[in-house]
Amino acid sequence: MLVKKTLILSIIVSIAMVATAQQRPQYTQYTTNNYLLNPAISGIESYIDVKMGQRQQWTGFNNSPTTSYVSIQMPIGMPADLYGNNSMNRSYVSDYRAPDPHHGIGMYAILDDPGGAFTSQDINLTYAYHLGLSSRMTLSLGVAAGITRMVLDPSKITLANPSDPSITSGGKIEPDLGLGAWLYGPTYFVGASVQGILGRPLTFSGSSNPNQGKQVPHVFITSGYKLFISDDVAVMPSFMLKYVNPAPMTVDFNTRFAFRDKIWLGGSYRQDDSFAAMAGFNLGSLFSFSYSYDFTTSAIRSYSNGSHEFVLGIRLNNKFKVTCPQENW
């Protein structure tokens, strides 16, 4: 009986997660911090890149999903004179040369509360190696390794037997592993990554039932290009494919318009889910701030007030006063 109840609970959790097409947090502003999805970005900048973000999804619902994160990544062994110009400057594009081989390291922590009985806390360390393939093309390969602590709160579940030992409170810690590749130059990037390679089980009992639910790998493929409309304005279209078995593949389309390296405006479309408006600005060479609002188009649009997302960036040891990151222009 206990095994049966555990199986039923695992199936319910699996169905709920598959219904949202993914088990990991969703971001509208991933273009401002692709590092969260791809460890190969570690050390791509010439400074210490710190970002903090929060996403409030589907406001209007009680206990709507909330995701908060902090990330930090930096280069090791990057030539000091490599990124003397901002990448929104045309001279940067014409004078660009691929960096010498160097390493990158980083760390990110994510607190994800889907709004139900489950929460997860992820901490990952990342490493990447950047290798110039030509004078205008660099390939970076990266790995992310860490742990995830999954927590179940039985008080948020209605049970026929409240003292059922098959459902216990507390946290369950599982290892996590991800891989990524990032090909980039002065006006383009192409990236591929996979998260959750180890396939952590979704159970909070001691049962070894082979039919229990589990998390599955998440595959991300993304690419973007930068076009100068004038000396002051650039447009940056990009897309991302996401695949989480057994859900069908989905696609996000994004376009951003940037004025010099001061402010930017953009929009995004997430297949069968939402449209989003985005905006951001740089406060000197130290701070950046961006905000996005999702207009829900799925079946829950009659109940949701949309989704809000904020990202604050801090550039430490920014010797060359870079205000337009190589990671996302």
So, does Gln29 use its side chain to make a donor-acceptor pair with the main chain of Glu309 at under 3.5 Å?
yes
Is any side-chain N of the basic residue among Arg55 and Asp294 closer than 4.0 Å to the acidic one's carboxylate O?
yes
Keeping Thr67 on the side-chain end and Pro25 on the backbone end, is there a donor-acceptor pair under 3.5 Å?
no
Look up atom CD in Gln54 and atom OG1 in Thr66, then write down how far apart they are to the nearest 0.5 Å.
6.5 Å
Report yes or no: do Asp122 and Thr148 form a side-chain donor-acceptor pair below 3.5 Å?
yes
Could you tell me the separation between the CZ atom of Phe289 and the CD1 atom of Ile314, rounded to the nearest 0.5 Å?
12.5 Å
Under the 3.5 angstrom rule, does the side chain of Ser140 hit a backbone N or O of Ala128 as a donor-acceptor pair?
no
Kindly write out the residues that satisfy side-chain contact (heavy atoms from CB on, under 4.5 Å) with Leu241, not counting sequence neighbours, or none if the list is empty.
Ile221, Phe239, Met249, Val251
Would you give the length of the straight line joining atom CG of Leu183 to atom OG1 of Thr138, rounded to the nearest 0.5 angstrom?
8.0 Å
Using a cut-off of 6.0 Å, state whether more than 12 heavy atoms not belonging to Ile123 lie near its atom CD1.
no
Using ring centroids (six-membered ring only for Trp), state whether Tyr269 and Phe275 fall under 6.0 Å.
yes
Would a distance-only check, ignoring hydrogens and angles, find a side-chain to backbone donor-acceptor pair under 3.5 Å from Gln121 to Arg149?
no
Rounded distance [0.5 Å steps], CD1 in Ile76 versus NE2 in His102
9.5 Å
Value rounded to 0.5 Å, distance of CD1 in Ile44 from CZ in Phe189:
9.5 Å
Any donor-acceptor pair under 3.5 Å linking the side chain of Thr126 with the backbone of Ala144?
no
Measure the spacing between OH of Tyr30 and OG1 of Thr32 and express it to the nearest 0.5 Å.
10.5 Å
With distance as the sole test, does His308 use its side chain to make a donor-acceptor pair with the main-chain N or O of Gly306 at under 3.5 Å?
no
Asn38 side chain to Ala40 backbone, donor-acceptor under 3.5 Å
yes
Donor-acceptor under 3.5 Å (Thr297 side chain, Ser274 main chain)
yes
Using the six-membered ring wherever Trp is involved, compare the ring planes of His130 and Tyr184 and label them parallel, tilted or perpendicular (cut-offs 30° and 60°).
perpendicular
Determine whether a donor-acceptor pair (N or O, by modelled atom type, separation under 3.5 Å) exists between the side chain of Gln56 and the backbone of Ser307.
no
Exercise: do Asp252 and Ser268 side chains pair donor with acceptor under 3.5 Å
no
Ring geometry between Phe295 and Tyr293 (parallel below 30°, tilted from 30 to 60°, perpendicular above 60°):
perpendicular
Does the ring centre of Tyr188 sit less than 6.0 Å away from the ring centre of Tyr225?
no
Tell me if a side-chain donor or acceptor on Asn318 pairs with a main-chain N or O of Ser285 at a distance below 3.5 Å.
yes
Working for side chain to side chain donor-acceptor pair (under 3.5 Å), residues Asn33 and Ser71:
CA-CA 9 Å; Asn33 196 11; Ser71 69; 3.2 Å; yes
Answer with yes or no whether the side chains of Arg270 and Asn254 bring together a donor and an acceptor at under 3.5 Å.
no
May I ask you to check whether Tyr69 and Tyr27 place their ring centres under 6.0 Å from each other?
yes
Other cluster members, Ile173 - Ile/Leu/Val/Met/Phe/Trp/Tyr, side-chain contacts below 4.5 Å
Ile147
